[in-house]
Enquirer: 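Got a structure for you, written out below as structure tokens; questions coming shortly.
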Amino acid sequence: MSEAPSGNEYREQRLANLAALQEMGYPSYGCAFTRTGTLAELRETFEEGRAVTAAARLSTIRDMGKSIFADLRDGSDRFQVYVQKKELGEEAFKAFKLLDLGDQVGVEGELFITRTGEPTLKVAKWTLLSKALLPPPEKWHGLKDVEMRYRQRYLDLVGNPEVRELFNKRSALIREIRRYLSERDFIEVETPMLQAQAGGAAAKPFVTHYGALGSDVYLRIAPELYLKRLLVGGFDKVFELNRNFRNEGLDRTHNPEFTMLEIYEAFSDVNGMRELIQGMIIHVAETVFGTLSVGEGDTALDLTPPWREATYHELVRERMGADWFDLSLDDARTKAEAAGLDLDPEWDRLLVTHEVYEKMIEPSLQQPTFVTRLPARLVPLAKACPDDSSLVDVFELVIRGQEVAPAYTEMNDPIEQRRRFMEQAGEDETKIDQDFVTALEHGMPPAGGMGVGIDRLMMILSGAEAIRDVILFPQLKQKG
RNA sequence: GGGCCGUUAGCUCAGUUGGCUAGAGCACUUGACUUUUAAUCAAGGGGUCCCGGGUUCGACCCCCGGACGGCCUACCA
């Protein structure tokens with residue numbers, strides 16, 4: 001959007017109006033202006049005859065010759081102002097007519113109620129705070145063009161109040177999460193985003209170069225390994241709420257940078273995490289969205305506790321038959337393919353089962369479900385179940401078919417952790433974060449840990465269909 | 001990465017089996033109007049029909065290539 005907007009008739013006209021205003025002694029870009037309050041506050045505290053000031057953007061103008069009605073709009077509300085020639089005088093009235101839709105103005109005057117019952121500010125004095133050289137989006141339909149909504153989000157916010165409302169809620173959601181955690185004595189910490197090794201998850205990282213050290217560094221894909229170092233250091237209830245970066249596909253539920261909440265609590269475990277996440281989601285649903293139900297009809301979501309809990313094996317058997325885990329690889333493969341799955345010939349028994357889970361089970365879990373006891377090989381940073389070393393003591397919270405929060409009883413045995421890393425790295429020791437293993441060797445307390453995808457949580461609670469609708473500036477291809 | 005669809009005025013959208021000067025509403029300009037609220041009434045201006053090439057007497061429309069976007073799919077601890 002860098003092309004010069006010259007030749008635009010609207011811009012030319014507005015520049016002419018600006019020049020005319022300047023000639024009449026009106027500065028075109030004002031400075032600080034003291035408001036009685038936002039437009040919403042003005043409406044809430046309305047009192048006929050009260051003298052007030054207000055500042056906002058002009059959103060509609062109804063010019064009736066010797067008097068003008070106009071609507072101001074800010075992020076909070078809309079409020080009508082009334083401008084009369086005999087009240088303002090010839091000069092100021094004439095100058096007011098040089099204002100355009102989208103201009104930021106400051107006004108001063110008394111409140112009154114019009115014949116039709118509309119609370120209104122009668123303007124005694126006005127000042128231009130900022131001249132808009134380009135016109136706002138269409139006043140009735142708003143801005144629809146999806147690409148422009150994302151690329152020029154400010155226009156989306158100006159033209160579509162419901163979009164602003166959604167992002168107000170996102171801000172409130174993040175605030176309530178922080179409140180919820182700090183009330184429970186968790187402290188918020190910041191750990192490196194530039195890492196020598198991108199650990200804590202399996203995803204392609206973004207690589208960048210650090211000139212001063214002459215070495216490549218990675219943007220983090222997860223903060224996990226640093227937060228666990230803090231457990232070793234004696235911080236026993238920590239969380240980090242910030243961006244992760246993953247160099248992978250872009251679709252309805254993936255953005256390369258996304259907001260992740262990670263929480264670790266020493267001397268707790270996966271059960272502690274379950275209590276915490278259920279309480280936290282209910283808290284934000286109630287305080288921010290005012291309800292525990294989202295949407296209507298077949299896809300309606302009910303967050304009323306307790307939430308369903310089912311083991312990975314139970315869910316797979318439920319879907320594929322009670323004998324699924326007794327089948328040979330070939331029989332399982334045949335059955336899965338018959339169910340419509342496309343399987344990689346390299347996959348072993350466990351991966352075939354996992355494909356069934358990811359493609360056929362997870363997407364079908366609409367209501368909140370804690371899926372527990374996952375195969376150990378899939379989760380190298382979690383501790384084994386006490387009664388079965390092939391399974392790990394974890395859950396994945398799935399809502400509306402999306403994984404919202406994985407939680408573990410964290411692995412704190414350095415010898416076992418090193419063995420699992422080796423298994424995953426295929427003996428390539430350079431891929432292993434040795435300092436992290438060293439930290440474990442200094443003794444990490446038993447702990448529960450959890451990650452929560454904030455964008456996805458926001459999608460679920462707001463009913464948004466696309467992650468781009470809950471991220472202010474989502475990633476798009478560059479034009480050109 | 002693959003498939004399908006879309007891109008027309010500043011914005012929201014019509015439209016043409018390939019044919020005269022490409023339309024509407026909002027917005028803009030001019031005029032009227034001192035209680036309107038999507039103000040109203042009258043007149044007017046405004047277009048690289050996404051870009052490039054091709055077919056044709058003639059292309060916004062058909063064909064080929066490209067850009068960007070959307071949906072699906074693939075990838076994805």
Side-chain angles (χ1 to χ4, degrees), chain A residues 1 3 5 7-14 16-17 59-73 78-88 93 97 100-102 112-120 122 132-152 155-156 158-160 199-204 221-222 224 246-256 258 342 344 350-351 354-355 357-359 362 374-382 392 394 396 402-403 406 408 420 424 451 465-466 468-469 474 476-480:
Chain A
M1 295 291 140
E3 68 269 21
N8 180 316
E9 60 167 312
Y10 296 93
R11 190 163 185 275
E12 298 302 324
Q13 180 59 45
R14 283 158 183 259
N17 292 347
S59 68
T60 60
I61 298 172
R62 297 177 286 283
D63 183 347
M64 310 190 49
K66 295 191 178 63
S67 72
I68 301 168
F69 286 94
D71 287 341
L72 298 184
R73 192 183 285 280
R78 175 198 71 84
F79 202 86
Q80 178 169 271
V81 298
Y82 182 50
V83 182
Q84 264 183 320
K85 189 175 187 175
K86 77 165 189 222
E87 182 85 18
L88 271 191
F93 188 75
K97 292 209 177 197
D100 293 293
L101 292 182
F112 76 108
I113 293 193
T114 63
R115 192 185 286 171
T116 51
E118 174 89 13
T120 301
K122 183 184 257 182
L133 297 180
L134 292 170
E138 215 261 2
K139 66 180 175 186
W140 188 243
H141 297 94
L143 183 65
K144 291 266 175 62
D145 184 272
V146 178
E147 188 175 352
M148 211 185 301
R149 286 187 47 223
Y150 296 145
R151 286 192 198 277
Q152 293 179 277
L155 292 180
D156 191 26
V158 167
N160 301 322
K204 251 179 271 165
I221 56 176
E224 174 157 357
R246 296 187 181 176
N247 199 344
E248 289 177 358
L250 199 55
D251 65 28
R252 224 160 37 99
T253 57
H254 295 84
N255 196 65
F258 61 100
D342 203 10
D344 187 318
L350 185 134
L351 291 175
H354 198 57
E355 182 71 2
Y357 174 75
E358 291 213 314
K359 290 285 148 57
E362 193 176 83
L374 269 68
R377 219 176 80 204
L378 299 174
V379 195
L381 293 160
V392 279
V394 303
E396 285 190 353
Q402 287 187 56
E403 185 187 327
Y408 312 159
R420 297 253 203 112
Q424 186 190 33
E465 293 295 329
R468 287 174 171 185
D469 291 329
L476 295 179
K477 256 196 202 180
Q478 291 183 9
K479 284 272 199 183

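Every chain is numbered from 1 and lettered A, B, ... according to where its sequence line falls, protein lines coming before strand lines.
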Enquirer: Quick one: do A:Ser59 and A:Asp71 satisfy side chain to side chain donor-acceptor pair (under 3.5 Å)? Show the steps, please.
Expert: CA-CA 5 Å; A:Ser59 68; A:Asp71 287 341; 4.8 Å; no

Enquirer: Looking at residues at least two apart in the chain, or sitting in another chain, which of them share a side chain to side chain donor-acceptor pair (under 3.5 Å) with A:Arg420?
Expert: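 Partners of A:Arg420 by the side chain to side chain donor-acceptor pair (under 3.5 Å) criterion, ordered by chain and then number, come out as A:Glu416.
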
Enquirer: Using heavy atoms to find the nearest nucleotide of RNA chain B for A:His254 and A:Lys85 separately, return the residue whose nucleotide is more 5′.
Expert: A:Lys85

Enquirer: At less than 4.0 Å, is any side-chain N or O atom of A:Arg151 found next to OP1 or OP2 of B:G69? Yes or no.
Expert: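 Checking A:Arg151 against B:G69: at least one side-chain N or O falls below 4.0 Å of OP1 or OP2.
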
Enquirer: Between C1' on B:C11 and CG on A:Asn160, what's the gap in Å once rounded to a whole number?
Expert: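 That distance rounds to 11 Å.
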
Enquirer: Of all the nucleotides listed (B:U29, B:C68, B:U36), which has the minimum atom distance to the side chain of A:Arg62?
Expert: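 Side chain of A:Arg62 sits closest to B:U36.
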
Enquirer: Give me the distance, rounded to whole Å, that separates B:G10 from B:G70 when you measure between the C1' atoms they each carry.
Expert: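 That atom pair is separated by 23 Å.
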
Enquirer: If you only use heavy atoms from C-beta on, which nucleotide in B:G69, B:U35, B:U12 is closest to the side chain of A:Lys144?
Expert: B:U12

Enquirer: Let me know the distance between CZ of A:Arg149 and P of B:U12, rounded to the nearest Å.
Expert: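 Those two atoms, CZ and P, are 11 Å apart.
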
Enquirer: With P as the reference atom in both, quote the distance from B:G6 to B:U16 in angstrom, rounded to an integer.
Expert: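 Per the computed distance, 14 Å lies between those P atoms.
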
Enquirer: Figure out the CD/P separation between A:Glu147 and B:C11, and round it to whole Å.
Expert: 12 Å

Enquirer: Looking only at atom P, what distance separates B:C28 and B:C60, rounded to whole Å?
Expert: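 Going atom to atom, P in each nucleotide, I get 31 Å.
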
Enquirer: Heavy atoms, side chains only, cut-off 4.5 Å: are A:Tyr150 and A:Asp469 in contact?
Expert: yes

Enquirer: With a 4.5 Å limit on heavy-atom distance, are the side chains of A:Arg468 and A:Leu476 in contact?
Expert: yes

Enquirer: Just call it for A:Phe112: base, sugar-phosphate, or nothing, with non-hydrogen atoms closer than 4.0 Å on any strand.
Expert: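 If one applies the 4.0 Å heavy-atom cut-off, A:Phe112 turns out to touch a base.
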
Enquirer: When you measure from the side chain of A:Asn255 to the backbone N and O of A:Phe258, does any donor-acceptor pair fall under 3.5 Å?
Expert: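 Between the backbone of A:Phe258 and the side chain of A:Asn255 there is no qualifying donor-acceptor contact (under 3.5 Å).
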
Enquirer: With pairs taken as Watson-Crick or G-U wobble and both distances under 3.5 angstrom, which stems of at least three consecutive pairs involve RNA chain B?
Expert: B:1-7 with B:67-73, B:10-13 with B:23-26, B:28-32 with B:40-44, B:50-54 with B:62-66

Enquirer: Please work out if A:Gln13 contacts a base, only the sugar-phosphate, or nothing of the nucleic acid, heavy-atom cut-off 4.0 Å.
Expert: sugar-phosphate

Enquirer: Does some side-chain heavy atom of A:Tyr408 sit less than 4.5 Å from a side-chain heavy atom of A:Leu381?
Expert: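 The answer is yes; the side chains approach within 4.5 Å.
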
Enquirer: Report the distance from atom CH2 of A:Trp140 to atom P of B:A38, rounded to the nearest whole Å.
Expert: 7 Å

Enquirer: Heavy atoms under 4.0 Å, any strand shown: does A:Gln80 hit a base, just sugar-phosphate, or nothing?
Expert: base

Enquirer: In this structure, how many angstroms lie between the P atom of B:A27 and the CG atom of A:Leu101, rounded?
Expert: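 The answer, rounded to whole Å, is 7 Å.
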
Enquirer: Taking side chain as C-beta onward, heavy atoms only, is A:Leu378 less than 4.5 Å from A:Val392?
Expert: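 No, their side chains stay 4.5 Å or more apart.
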
Enquirer: Looking for any heavy atom pair under 4.0 Å, which part of the strands does A:Leu476 touch: base, sugar-phosphate only, or nothing?
Expert: sugar-phosphate

Enquirer: Is A:Arg149 reaching over with its side chain to a backbone N or O of A:Asp156, donor-acceptor style, under 3.5 angstrom?
Expert: no

Enquirer: If you go through the side-chain atoms of A:Thr114, does one of them form a donor-acceptor pair with the base of B:U36 closer than 3.5 Å?
Expert: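 Donor-acceptor pair under 3.5 Å: yes.
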
Enquirer: Roughly, in whole Å, what's the span from NZ in A:Lys86 to C1' in B:U35?
Expert: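 Rounded to whole Å, this separation is 12 Å.
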
Enquirer: Should A:Gln152 and A:Asp145 count as side-chain neighbours, where that means a heavy-atom distance under 4.5 Å?
Expert: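 No, side chains not in contact.
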
Enquirer: Please pick, from B:C76, B:C71, B:C68, the nucleotide with the shortest atom-to-atom distance to any side-chain atom of A:Arg252.
Expert: B:C71

Enquirer: Just N and O in the side chain of A:Gln84: are any of them under 4.0 Å from OP1 or OP2 of B:U34?
Expert: no

Enquirer: Mapping A:Gly117 and A:Glu396 to their closest nucleotides on RNA chain B, which lands nearer the 5' end?
Expert: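 Closest to the 5' end, via its nearest nucleotide, is A:Gly117.
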
Enquirer: Counting C-beta onward and ignoring hydrogens, is there a side-chain heavy-atom pair between A:Thr120 and A:Ile113 closer than 4.5 Å?
Expert: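 A:Thr120 does not reach A:Ile113 side chain to side chain.
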
Enquirer: With a 4.0 Å cutoff (strictly under), does any side-chain N or O of A:Lys477 reach OP1 or OP2 of B:C68?
Expert: yes

Enquirer: Within the 4.0 Å heavy-atom criterion, would you say A:His354 contacts the bases, only the backbone, or no part of the nucleic acid?
Expert: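 Nothing: the residue A:His354, judged by heavy atoms under 4.0 Å, touches no strand.
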
Enquirer: Side chains of A:Gln13 and A:Asn17: do they bring a donor and an acceptor to under 3.5 Å?
Expert: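 Checked: A:Gln13/A:Asn17 side chains pair up, N/O donor to acceptor below 3.5 Å.
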
Enquirer: Students often get this wrong, so: under 4.0 angstrom with heavy atoms, is A:Leu374 touching a base, only sugar-phosphate, or nothing?
Expert: nothing

Enquirer: Determine the Euclidean distance between corresponding C1' atoms of B:A59 and B:C26; express it in Å to zero decimal places.
Expert: 30 Å

Enquirer: Do A:Leu374 and A:Tyr357 have side-chain heavy atoms sitting under 4.5 Å apart?
Expert: no

Enquirer: Quick check: do A:Leu250 and A:Pro256 have side-chain heavy atoms less than 4.5 Å from each other?
Expert: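 A:Leu250 vs A:Pro256: side chains touch.
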
Enquirer: What does A:Pro406 touch in the nucleic acid at a heavy-atom separation under 4.0 angstrom: a base, only the sugar-phosphate, or nothing?
Expert: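 A:Pro406: no heavy atom of the nucleic acid under 4.0 Å.
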
Enquirer: Measure the distance from CG on A:Asp63 to C1' on B:G31 and round it to the nearest whole Å.
Expert: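 The distance from CG of A:Asp63 to C1' of B:G31 comes to 12 Å, rounded to the nearest Å.
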
Enquirer: Using a 4.0 Å heavy-atom cut-off across all strands, classify A:Gly159 as base, sugar-phosphate, or nothing.
Expert: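 A:Gly159: no heavy atom of the nucleic acid under 4.0 Å.
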
Enquirer: With rounding to the closest Å, how many angstrom separate the P atoms on B:U17 and B:U55?
Expert: 24 Å

Enquirer: Using atom C1' in both nucleotides, what's the gap between B:G65 and B:C20 to the nearest angstrom?
Expert: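 Nearest-Å result for B:G65 against B:C20 at atom C1': 32 Å.
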
Enquirer: Rounding to an integer number of angstrom, what distance separates B:G1 and B:G47 when you compare their C1' atoms?
Expert: 37 Å

Enquirer: I'd like a table of atom pairs between the protein and nucleotides 8-10 of chain B - only N or O on both sides, under 3.5 Å - with the distance next to each one.
Expert:
from  : atom 1 : to      : atom 2 : distance (Å)
B:G10 : N7     : A:Tyr10 : OH     : 3.1

Enquirer: Checking contacts here: which listed nucleotide (B:C75, B:C28, B:U29) is nearest the side-chain heavy atoms of A:Asn17?
Expert: B:U29

Enquirer: How far does the P atom of B:U21 sit from the matching atom of B:G58, given to the nearest Å?
Expert: 16 Å

Enquirer: Can you tell which of B:C26, B:C33, B:C76 lies closest to the side chain of A:Lys139?
Expert: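 Nucleotide nearest to A:Lys139's side chain: B:C26.
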
Enquirer: In whole angstroms, how far is the P atom of B:C71 from the CG atom of A:Asp469?
Expert: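 Taking atom P of B:C71 as the reference, CG of A:Asp469 is at 9 Å.
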
